[in-house]
Each structure stands twice: as structure tokens, then as C-alpha cells.
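Note that this is a predicted model, so its numbers are computed, not measured.
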Amino acid sequence: MEVLKNYIDGAWTPSTSKETIDIVNPATQEVLAKVPYGKDTKKDVDLAVASAFKAYQEWSKVPVLKRVQVLYRLKSLMEENTEVLAEIITNESGKTYGESVGEIQRAIENIEVACGTPMLMAGDVIEDIATGIDEMMIRQPIGVAACITPFNFPSMIVFWFLPYAIATGNAFVVKPSEKVPMTMMKIFEFIDQLDIPKGLVSLVHGGKDSVDAILENPVIKAVSFVGSTPVARYIYSKGTANGKRVQAQGGAKNPVVILPDADIEMSTKIIADSVYGCAGQRCLAASTIITVDDQKRQIKDALYETVKSRTTGYGLDREVNMGPVITPESKARITGLIQKGLNEGAKMLLDGRNASIAGYEKGNFLNPTILEDVALDKELIKTEIFGPVMSLISMKNIDDALKFVNSGNYGNMACLFTGSGANARRFRNEADAGNIGINIGVAAPMAQFPFSGWKDSFFGDLHGQGKHAIEFFTQTKVIIERWPNIWSRKF
């Protein structure tokens, strides 16, 4: 069985660790490959960082217009190989082929935005800020940066960071999830074709030992992370304690409010896609659906009819709407939370726990599940399920709905479905979340905007994507200058 290699100093390099774990197709339980793991992977990180620092010293002196040329080449390679990448993503993460293609497009959009770095990182100048004195602010790269990414988006999330980091003159180390590293292996085949210094972009495998090595290495100046809130808090705490910049995206519990004046047919279709897309394994999945006033029965019936027709199965089957969850452990956790919700008084409207897919009986499949009348003061309403489960509750009015939206610990996304511009404006102003959707089920910012997040959904100051990413990977320098030939100038 193939053991995946690291990509260090511009070459495919075996890990110093002899310990490995399996990469498993969640739909079939087929072992796809093995990936390095264990404490010795720290040595791999240190080797990658040493090589990265040398490359940074060369790359930071390359004009920015030339630096972005490699991104144009990378964009073309990603576009030319979309089908191959999509199949790899589906096989190792479980999502549908269409979802995989969409993920790759989102990655490409970030490359496109990063190609605008010559303008995005432009500084400021004030001439004659005082008599004969000019002042300017410029942006310079910070050095070596790294990202630690999750299983649910094997390609996209890396590109919230990587193109901006190298376009601004930094070196970059990627540590993909040990559950889904094969997508990055393929992408690094494209990176290997770019005209960049050896070591500028590195790939290292592993688990917590690799993560700690990144957080402890003094040469790494910035760390980007996406994952669960407990791990995000750990990454932020340990990274900043070691003097690093950190942006750490955590978990979510995303509420969606449906007002009486919403278009029911449109709303239910959009909400179903939000809840069950990627089998609910995304930080912008709708989780708690809140009906307002007397429309509970109408919404409940419409959601039930929409959801029950969704097809679960192997993601490469183009007729499938939803794939498996990532591991048997994830499936067991989700079914346990469903049962806990029932024990806490919720009612089962649609039970997806006993899914069995012909030909894929060993897969980690769950069908869409709907729970109603979930208790507002119990665990299920507060816990990120990260699976295909909808919690349906009802409120008297928009005031109560907003109060509930703002009471949670998370603040990744909140959405409102309405036909009222006044209520939409109020919601977007008052809802305590970093990404707001109005008649949108997944409020995923385009690459030009930061992927925002509030409260326990984000730790840091600057987010991924767009101008925030440019600022995160650069440091400002202010220059104040006066020249001798104007010292004696009289005004």
C-alpha cells in the first residue's frame, strides 16, 4: 500500500516517521493509501520550514508583478484538471461529485483574486506631511506562514490562504487533514510545475504532532486554521503564546429564520440544500430552522416533502444528492446526538439513522433527519452536530427569533427568509454573526470578501480571503524621509 510522501525543498520526500494511518473512502471503506503520522513528523515540519525560510529570502525580492504570474499558471492547471481533482475529493471526503466541482471553483476564485495583489497590497504616501518631509506606508511579507486544514473541504480552504501568502512574498507550509491528504498531493503535482524557488511551498503530513511542530517552530510567523472550536481555541492560544499571528476558524450552529411573508417553496428548497449539502459537514450548514408566527405546520410539511425525496449514496453517482459522513466514529456521534435530542423531548419528523445503500452497505451513510420541537435549553440545540440533521423550532415573532439567534455561543452565519426589506435590514444589522444571508441558505462570501466569523466561531482579527488575507500575510512599514537639498528651502 502506498505511503504518501511529503513535498519538501521542491521534491517528494519520504517522511522520517515510520508510523502511518489509513486513508479510507467513507462510502466504501476501501483503504486508498497510508499517510505518515506520529511524533517523528515533527522532524518533517522542521525540514520544511528550514527550506521555506531560504526560499522566502529569495522570493521576497521578486517583484510582485512577477510573483502573481505563477498564480495564473496554477489557475490554469486547476481548471484543466477539475474532473480529476473532483473524483479524488469525492473518494476521500465522501461529498458528491457536483459538490467537489463547486469546491474547486471556489479555490480557483481565490487564486483569481490573489492575482490582484499588486493593487491589493499597495501602500500609501503623503507628500509634504511636514515641510520638506514625505511619509509613506508600505507592506512587506512576514516570512514563513503555515496552514492547518480540515477534512470537509480538501482543496478550497487551503486557497483561502496559500495564493495570498505567496503573492505577497512569503513562503508557505501546508498541513492537510490526515483524513483527506490525497487532494493536496495532486495539487502539489501542479505546484511542482511552477517557476518558484525550491521550498517556497511545502506539504507535510501528520496529526497533532505536526500541528504542534508548526505552532512551536520560531521561524513560522503566521498560522491559519479551520476546524472545530476546541481545536481552534487551542491553535490560537498556543500560536499566539509563541508570538505568531493566528487566524483560527472554529465551529458553528447556524440558525435560519423564516418569516410569514417568505416564499415557502423557494425557501424550503434552499434551506434543504443548506442543511444537507456536504452531508451537513460544513461550517456554513444551516442547523436550526426557526419558523415564526402561525406558519409552523406549512413550513414543516414543505420541508418534509422536499427533504424526503433527497437521494443518499456514493458521490460519484451523478444522481446522488448527499454522500456519507467522513468516518464511522462521526456517524456514531451524530446518531448519538439524535438520540440525545429525542431523550430531551424532541420529536422525530424524519429519521435517517438506518440508511443502507445497496452495494455500499459498509459506508458511513445517514439519510436526512428532521427533529421538531427541540428543547431550547438542552444540549442538541447548542451543539454543532456536523451531520445531516435539521432541528425545527418555532418562535412567536422576529423579536424572539433575533433574541434566540444572538443567544448562542457561535457566530458564523445567520440567515433570514422574508419578503420584507425592513425586516431584512433589521436582521442584517442586529444578528450577531459574521456572515448574514437574506433569502440565502449558505452565506458563503465570495473570494473578494473575508470569510467572517464571530464569537466562538473565530479566534483572531483578520480572516481568510480577499483584502483580509493580504493584510494577514504582510506587515506594515512606515517611512518618513527628508532630503538634504531641501533642508534650507524657504517657504
Side-chain angles (χ1 to χ4, degrees), residues 1-7 12 15 20-37 41 78 81-108 147-160 162 174-191 203-207 210-211 226-228 277-283 285 312-318 320-331 333-334 357 359-360 362-366 386-388:
M1 180 66 66
E2 177 190 9
V3 178
L4 301 187
K5 294 180 179 180
N6 296 313
Y7 185 81
W12 294 105
S15 173
T20 63
I21 59 173
D22 293 340
I23 305 162
V24 179
N25 183 324
T28 66
Q29 298 304 302
E30 173 193 2
V31 177
L32 303 173
K34 293 181 178 293
V35 64
Y37 204 74
T41 56
M78 295 276 287
N81 290 275
T82 292
E83 291 184 5
V84 173
L85 281 171
E87 288 193 9
I88 296 172
I89 291 171
T90 293
N91 278 326
E92 68 176 355
S93 76
K95 62 180 60 178
T96 68
Y97 180 83
E99 290 169 342
S100 298
V101 170
E103 174 184 347
I104 296 162
Q105 183 56 45
R106 284 288 186 146
I108 291 169
C147 73
I148 302 159
T149 59
F151 74 83
N152 55 334
F153 288 92
S155 70
M156 181 189 74
I157 287 176
V158 171
F159 286 89
W160 289 0
L162 186 153
V174 177
K175 206 301 283 185
S177 167
E178 62 274 18
K179 295 182 177 70
V180 294
M182 299 182 74
T183 300
M184 269 299 117
M185 293 290 291
K186 188 65 180 179
I187 290 172
F188 266 76
E189 290 181 14
F190 311 149
I191 290 173
L203 173 69
V204 290
H205 298 294
S210 296
V211 169
V226 178
S228 69
C278 301
Q281 298 173 122
R282 55 185 177 188
C283 61
T312 303
Y314 183 28
L316 290 182
D317 180 348
R318 305 301 168 87
V320 163
N321 304 124
M322 190 176 81
V325 297
I326 189 68
T327 63
E329 292 77 15
S330 292
K331 179 179 177 179
R333 175 183 173 275
I334 295 163
I357 310 302
Y360 302 100
K362 295 181 180 180
N364 310 320
F365 291 101
L366 290 162
F386 222 61

So does [Y] get a backbone contact from the side chain of [X], meaning a donor-acceptor N/O pair under 3.5 Å?
X    : Y    : result
D22  : V31  : no
T96  : N321 : no
N364 : P324 : no
K95  : N152 : yes
K175 : G206 : yes
E178 : G207 : no
K179 : S93  : no

- Message: Around atom CD of E83, are there more than 12 heavy atoms from other residues, nucleotides or ligands closer than 6.0 Å?
- Response: no
From [X] atom [atom1] to [Y] atom [atom2], the distance as rounded to the nearest 0.5 Å:
X    : Y    : atom1 : atom2 : value
I191 : K186 : CD1   : NZ    : 13.0 Å
T312 : D317 : OG1   : CG    : 11.5 Å
Q29  : Y360 : CD    : OH    : 13.0 Å

task = Could you tell me whether R106 sits above the aromatic face of F159, with NZ or CZ closer than 6.0 angstrom to the six-membered ring centre and within 45 degrees of the axis?
result = no
Polar contact flag, side-chain donor to acceptor under 3.5 angstrom, T183-S155: no
Test side-chain contact (heavy atoms from CB on, under 4.5 Å), reference W12, set L4, L203, N6, output is L203
